[in-house]
Amino acid sequence: DDDEGVKDEL
Amino acid sequence: MNIFRLAGDMTHLASVLVLLLKIHTIKSCAGISLKTQELYAITFATRYLDLFTDYISFYNTVMKIIFLGSSFSIVWYMRRHKVVRRSYDRDQDTFRHFFLILPCLLLATFINEKLTAKEVLWAFSLYLEAVAILPQLVLLQRTRNIDNLTGQYVFLLGAYRALYILNWIYRYFTEARYVHWITWICGVVQTLLYADFFYYYFQSWKKNVKLELPA
């Protein structure tokens, strides 16, 4: 699952 | 970006500005825990390593730089500034960093989204942020006279965490496959730590008396 790593929060 | 997330980030930004205002214009850091500020600096330094690896948005990059810059400059002011450092409550601020850092580091090596340096540090930053407020809360309890700016600073930090929970609930229901268990659990734990403070903060606000936490 590719988007598992996307962390767009601060 | 939803309204809760934006409001959360703005509240976080406001908390930092209130603290910088106190330090920069009043030249005082009385009632502020250096331990907590150092833990935040470590939190942001380990979490925002992705500034070098991923580009998310202009907003994201700018905010990360602001939080990194402000946290390190606050630590610098409290440790090095010739006037500000004199107002630091050194004898009251006795919480040990390592009691928090070490367990967080251990936990991060076992519980993370992936066993890579970046992910372990990310998890570590979440665990550390969750407990970083503890030295500040201990110091507040010991401080007889909590000034307005210090009270507002801690209130804004707590409000920022509560708004992030609303943001996660919103995202969970509106985005497909948006699940971040570690972030959520840490966030809820962190917000619960403020519950006691919130209670006394609202009491003092309602009765219009000075904030004071029972020992």
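Residue numbers start from 1 in every chain, and the chains themselves are labelled A, B, ... in the order their sequence lines are given, proteins ahead of strands. Given the structure is predicted, the values throughout are model-derived calculations rather than measurements.
For residues 190-205 of chain B, a heavy-atom distance under 4.5 Å to chain A picks out no residue at all.
For residues 45-74 of chain B, the ring-ring contact (aromatic ring centres under 6.0 Å, His included) pairs, not counting sequence neighbours, are His12(B)-Phe67(B), Phe44(B)-Tyr48(B), Phe44(B)-Phe67(B).
A 4.5 Å side-chain heavy-atom check between Arg5(B) and Leu10(A) finds at least one atom pair inside the cut-off.
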Before you tell me yes or no, could you show the steps for Ile165(B) and Ile169(B) under side chain to side chain contact (heavy atoms under 4.5 Å, CB included), namely the whole-Å CA-CA distance, both residues' side-chain angles and the distance that decides it to 0.1 Å? CA-CA 6 Å; Ile165(B) 293 181; Ile169(B) 295 170; 4.1 Å; yes
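Arg85(B) forms no cation-pi arrangement with Tyr88(B), by the criterion of a distance under 6.0 Å to the ring centre and an angle within 45° of the ring axis.
Both the backbone and the side chain of Asn60(B) come within less than 4.5 Å of a heavy atom of chain A.
In this structure, Lys22(B) pairs ionically with Asp147(B), as a charged nitrogen and a carboxylate oxygen lie closer than 4.0 Å. At a threshold of 4.0 Å, the pair Lys64(B)-Asp50(B) counts as salt-bridged, since one of the basic side-chain nitrogens sits closer than that to a carboxylate oxygen.
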